[in-house]
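Sequence lines set the chain letters: A, B, ... in the order given, protein chains first and strands last, and positions in each chain run from 1. Just so it is clear, the structure is predicted and the values come from calculations on it, not from any experiment. Computed over heavy atoms, backbone and side chain alike; hydrogens, waters and symmetry mates excluded.
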There are 2 protein chains.
Amino acid sequence: MPPQTRPTIADVARAAGVSKGLVSFALNDRPGVAPDTRARILAAAAELGWTPSLSARSLSVGRAFACGLVIGRSPDVIAADPFFPTFIAGLEDEFSVTGQALVLAVATPGRKEAETYRALATDRRVDGVILTDIRVDDPRIPLLQELGIPAVTLGVPDVASPFAAVSADDGVGIRLAVDHLATLGHRRVAHVAGPDAMLHARRRSESFQAAADAAGLRSRIVETDFSAADGARATAALLDAADSPTAIVYSNDGMAVAGMAVAQQRGIRVPEDLSITGFDDTEIGRWVHPALTSVTTDARGWGLVAARTLLRAIAGEPPARIALADPTLAVRGSTAPPPLAAD
Amino acid sequence: MPPQTRPTIADVARAAGVSKGLVSFALNDRPGVAPDTRARILAAAAELGWTPSLSARSLSVGRAFACGLVIGRSPDVIAADPFFPTFIAGLEDEFSVTGQALVLAVATPGRKEAETYRALATDRRVDGVILTDIRVDDPRIPLLQELGIPAVTLGVPDVASPFAAVSADDGVGIRLAVDHLATLGHRRVAHVAGPDAMLHARRRSESFQAAADAAGLRSRIVETDFSAADGARATAALLDAADSPTAIVYSNDGMAVAGMAVAQQRGIRVPEDLSITGFDDTEIGRWVHPALTSVTTDARGWGLVAARTLLRAIAGEPPARIALADPTLAVRGSTAPPPLAAD
DNA sequence: TTGTACGCGTTATCAA
DNA sequence: TTGATAACGCGTACAA
């Protein structure tokens, strides 16, 4: 018994009585191969159990057949935010059927982000990357242009971008939340926002401001780093202030849950004394008490579309701008009319 | 200006006035290169900005310089469990400094697990894989043996395994929780367990049983799929039963949070009427009200050690059995003595 | 230290 | 149109 060596294209060619090149043509469905010859080649390949070597293919065509995702948040923040696991499942929905691998990198404060992208690029590890949490004047846009890597951004950057973008209009979701609160009768509302440097967080803040103004509500905004701890801090600050809000719109579910705990700890009842809304409608929000009213976004669908769009970009299609369906509001127990003496 | 072509090893050899082979030797710190020649070669490489091509290296040495992680839980369950993001950050702590890439795959019900591993193997995408959530008579062990891929398992499998294992003794953590409750005076306790098919979940159950017996407590165990929804269901069942427990030990934090909500919804106060403990001491548990008493495990450290161990296995070292530090118990507000009339 | 074969597909060139 | 041949991508390993 010969040593366990996998068959090569040469073995297949020999078995089918043709040349290496023709095997390649046959397998890639390219013209110039007679039907019966093609059949003979495919049969030989199947018989031998031959699969083209990925590394050989990578070397000759210069593609990695993989895409990259660099997560730039600190571990604490990703751990508290179920968006990423769900989004990644969505990416895989597409990648797994197209034979792409997903290369995941984590750029914590210690591992600089730019280095991570550069490493991915110089090694040609990936054929393209997905950019999440787009920031104001995001340095990754010019960096990836320089590196010559195709990309897809989640949301449209505020700088000129040659990349495809897949966006959901967070503003619509925030507006739904504010309108819901206004309809319930709230007059003093607050927003616990994400980092103002992140475009989607900023957009949520702006939409909050606009919606509150339109509804004639008094409003306040507190910025956070998206972590549950910071959400708790922000909530405490809001509740301590004179003229504290009767409703708080949070920029993610984790912070909303933390905020709810802070309120309850002070004997402030949710929703009787304070209404709370979350964002992303994650699993955990459904299982706290009271259940969280939250803006529903389709993280998994977003992943799927982002992956698909990136693959098209890699294939050379011009950068597309794709808009996802607008978010909706899942109304649950954490919102109610304000206390009677509120105003 | 010539087309943007990256320099090859031949370019470096020419620039340094040596042969290709010697460049390779110099770069890999191998003997047989005169010091000054080596310096000249390195200088030339730096000057040209040359980096060895990963795909060429992969082809010639037959390594992918990447490791794989296949997550087999359903997206709902991963989204609710912060263990994975944190664990992945730990993997990256090691991989990022050793030039390995992390290939992440998600094997949902639709994408069969075995196929995923097979695909990884036939494409030689990875040099080794990390196996989490080891199950009873886990089919992945023989599968990976058959595929010839090195692996590291999280925990020691119950079948003969040729792979390295990195384990934390969950039993210790559960015992700490039960003893804590017994000391507080509880006499009727319950455990909301993970899937009995998962070895670590089963171990937690067994330890719970043993600890409860040893302390002379009446006990009950309910199995779940680890999801928050199932945790809620299990809690409802426990609270509905006659002779319901005064304390519940959960197998993860997400379920504990969900269980707490179910109790509160029924007007059962935590911890006055019901004590609750979680597992993994995740961020969210610190920010619910009351804060969750939870077993602290070091997911990130686990990732680091697992990655390191896998790399050693890939390098050919014999399979190691590594034990991590024992978990501890973080006591917070969700546990207290049972109500007076409890017994 | 050097030269060269080798790993393995892909693709351009050329002959039938 | 069908097929063969050979060059190519790039680093590694071994004989010289």
Within residues 38-49 of chain B, those residues having any heavy atom closer than 4.0 Å to DNA chain D are none
*asked:* Heavy atoms only, 4.0 Å cut-off, all strands: where does A/S58 land among base, sugar-phosphate and nothing?
replied: nothing
| said: Students often get this wrong, so: under 4.0 angstrom with heavy atoms, is B/T37 touching a base, only sugar-phosphate, or nothing? | reply: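 Sugar-phosphate only.
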Under a 4.0 Å heavy-atom criterion, the protein footprint on nucleotides 2-16 of chain C, written with B, S and -, is B----BBBBB-----
Review point. Is a salt bridge present between B/E92 and B/R300, judged by a nitrogen-to-oxygen distance below 4.0 Å?
Key: no
Ion pair B/R73/B/D81, N-O distance below 4.0 Å: yes
Across all chains, not counting sequence neighbours, the salt bridge (charged side-chain N to carboxylate O under 4.0 Å, His left out) partners of A/E146 are A/R118
- How many angstroms lie between atom CG of B/L144 and atom CG of B/L131, to the nearest 0.5 angstrom?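 One gets 5.5 Å once the value is rounded to the nearest 0.5 Å.
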Taken to the nearest 0.5 Å, the spacing of A/I130 CD1 from A/F87 CZ works out to 6.0 Å
Discussion item. Is it the case that over 12 heavy atoms from other parts of the model lie below 6.0 angstrom from the CD atom of B/E47?
Written reply: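 No.
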Can you establish whether the number of heavy atoms outside A/R38 located under 6.0 Å from its atom CZ is more than 12? yes
Heavy atoms of B/A107 and B/T116 approach each other most closely as CB-OG1, 4.0 Å
Whole-Å distance, A/D123 CG to D/dC10 P, equals 14 Å
